[in-house]
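Comments concern the structure below.
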Amino acid sequence: MSFLDKFEQRVERAVNSTFSKVFRSDIKPVDLATALRREVDDRAAVFDRSRTVVPNDFTIELSQADFEQVESWGAEMLADELAVNVTEYAASQHYAFVGPVVVSFELTEGLETGHFTVRSSTLRGNVAPGPADPRSSRHPLLDIDGQRYLLTGPVTIIGRGSEADIVVDDPGVSRRHLEISVTPQGVIATDLGSTNGLYVEGHQVPAATLLDGNSLTIGRTRIMFWSGVTDDSSRGDR
């Protein structure tokens with residue numbers, strides 16, 4: 001089953017509708033997903049032999065009728081599914097992001113029904129979607145309950161609050177629970193005065209310099225840390 005097939009099935013289940021039926025707009029969700037994948041391919045920039053960076057921020061410009069159709073499906077849900085589809089596709093092509101993948105919709109005057117355009121940009125953030133193999137990363141990486149995040153910024157905040165860089169849905173996690181700092185001396189995890197504390201390898205600590213493969217726990221959430229591939233090691237086979 002292709003990424004587009006899985007995407008369409010997820011969207012259909014989410015809105016309890018079959019998109020092959022007739023509706024007000026000529027645009028189907030799979031059309032939007034295909035356009036985003038094409039945009040990623042067209043804008044891919046090769047930085048070196050091991051890294052091809054692609055855009056991570058996408059705006060889909062829609063006509064009035066198409067915009068209303070997307071709103072009726074559930075714009076936020078559809079944007080999230082499109083972002084997941086782009087992330088999965090990028091991983092299959094070994095593309096890299098420098099920030100979180102975001103998809104949004106914009107009403108644009110002058111567009112005919114059934115026609116849309118895609119704008120994209122590369123916006124650096126503190127985290128980005130991580131690869132399937134954590135040891136292939138060029139950045140430190142966190143695996144949080146199966147979701148992987150590259151630490152692309154110097155400081156990453158993890159917590160339950162919306163202001164955190166990585167939001168964790170866990171009542172045992174404070175709004176600003178944990179800070180991960182990438183420094184020349186190593187990657188340091190620091191408890192931000194949380195209610196339930198930080199545990200590294202089962203021991204409660206106020207802060208710790210992380211080693212490759214370390215396990216962290218905040219609330220009921222388990223976090224695996226991977227140091228990534230350093231510049232020296234990536235050049236070692238040249």
Side-chain angles (χ1 to χ4, degrees), residues 47-48 50-51 53-54 56-57 80 83-84 87-88 90-91 94-102 122-237:
F47 276 67
D48 54 44
S50 64
R51 187 169 66 142
V53 173
V54 294
N56 60 298
D57 190 86
D80 289 345
V84 169
T87 302
E88 291 176 345
H94 305 291
Y95 294 150
F97 299 107
V98 298
V101 177
V102 178
T122 301
L123 299 180
R124 181 171 292 278
N126 287 338
V127 295
D133 181 1
R135 297 186 183 276
S136 68
S137 169
R138 292 173 61 96
H139 295 276
L141 180 147
L142 301 178
D143 184 312
I144 304 179
D145 290 339
Q147 294 291 321
R148 293 186 173 92
Y149 303 89
L150 292 177
L151 303 181
T152 54
V155 177
T156 301
I157 303 298
I158 302 172
R160 186 167 44 83
S162 59
E163 69 273 15
D165 297 304
I166 301 176
V167 178
V168 177
D169 184 16
D170 181 342
V173 171
S174 298
R175 295 185 62 82
R176 288 170 56 87
H177 195 118
L178 178 64
E179 176 184 280
I180 306 291
S181 301
V182 181
T183 75
Q185 291 73 40
V187 179
I188 302 171
T190 304
D191 178 39
L192 296 176
S194 65
T195 301
N196 293 318
L198 163 66
Y199 292 80
V200 177
E201 298 298 328
H203 302 284
Q204 185 170 9
V205 294
T209 299
L210 301 179
L211 302 176
D212 193 51
N214 271 166
S215 172
L216 297 77
T217 303
I218 55 174
R220 296 182 177 179
T221 299
R222 184 168 179 262
I223 303 171
M224 293 297 297
F225 169 77
W226 304 100
S227 60
V229 178
T230 65
D231 288 342
D232 289 341
S233 62
S234 66
R235 290 193 296 263
D237 58 352

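Quick caveat, the model's predicted, so the values are computed rather than measured.
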Task: Any donor-acceptor N/O pair, S174 side chain to T195 backbone, under 3.5 Å - done: yes
TODO: For the residue pair V53 and Y95, establish whether any side-chain heavy-atom pair is separated by less than 4.5 Å.
DONE: no
May I have the list of side-chain donor-acceptor pairs in residues 159-167 shorter than 3.5 Å, sequence neighbours left out?
unit_1	atom_1	unit_2	atom_2	d
R160	NE	V173	O	2.8
E163	OE1	R175	NH2	3.3
D165	OD1	N126	ND2	3.3
D165	OD2	N126	ND2	3.3
D165	OD2	I157	N	2.8

- [ ] I would like to know whether N56 and T122 meet side chain to side chain contact (heavy atoms under 4.5 Å, CB included); could you show each step before the answer?
- [x] CA-CA 5 Å; N56 60 298; T122 301; 4.0 Å; yes
Task: Closest non-hydrogen atom pair between G219 and D170, with its separation - done: C-OD2, 3.8 Å
Open item on the list: Are L198 and I218 packed together at the side-chain level, in the sense that at least one heavy-atom pair is separated by less than 4.5 angstrom?
Closed with: yes
Task: Residues forming a side chain to side chain donor-acceptor pair (under 3.5 Å) with R220, sequence neighbours excluded - done: none
Task: Close side-chain approach of T190 and L178, heavy atoms under 4.5 Å - done: no
Open item on the list: I want to check something: taking the side chain as every heavy atom from C-beta on, are I158 and I223 in contact at a cut-off of under 4.5 Å?
Closed with: yes
Open item on the list: Give me the atom names and distance for the closest heavy-atom approach of P100 to P129.
Closed with: CA-CD, 4.2 Å
Open item on the list: I need the I144 CD1 to T221 OG1 distance, nearest 0.5 Å.
Closed with: 8.0 Å
Task: Smallest separation among heavy atoms of L216 and F225, with atom names - done: CD1-CB, 4.1 Å
Task: 4.5 Å side-chain heavy-atom contact, H177 and L192 - done: no
Task: Heavy-atom side-chain proximity of F97 to V54 below 4.5 angstrom - done: yes
TODO: Give, for atom CD of E201 and atom CG of L210, the distance between the pair rounded to the nearest 0.5 Å.
DONE: 9.5 Å
TODO: Evaluate the side-chain proximity of T209 to Q185: yes if any heavy-atom separation is below 4.5 Å, no if none is.
DONE: no
- [ ] Give the minimum heavy-atom separation between V182 and G153, together with the two atoms involved.
- [x] CG2-O, 3.9 Å
TODO: Decide yes or no for V205 and D191: does some side-chain heavy atom of the first lie under 4.5 Å from some side-chain heavy atom of the second?
DONE: no
Task: Distance (rounded to the nearest 0.5 Å) between Y149 OH and D143 CG - done: 9.5 Å
- [ ] Starting from the C-alpha separation in whole Å, work towards a yes-or-no answer on side chain to side chain contact (heavy atoms under 4.5 Å, CB included) for L151 and H139.
- [x] CA-CA 6 Å; L151 303 181; H139 295 276; 5.5 Å; no
- [ ] Taking all non-hydrogen atoms of both residues into account, name the closest pair between S215 and M224 and its distance.
- [x] CB-SD, 3.8 Å
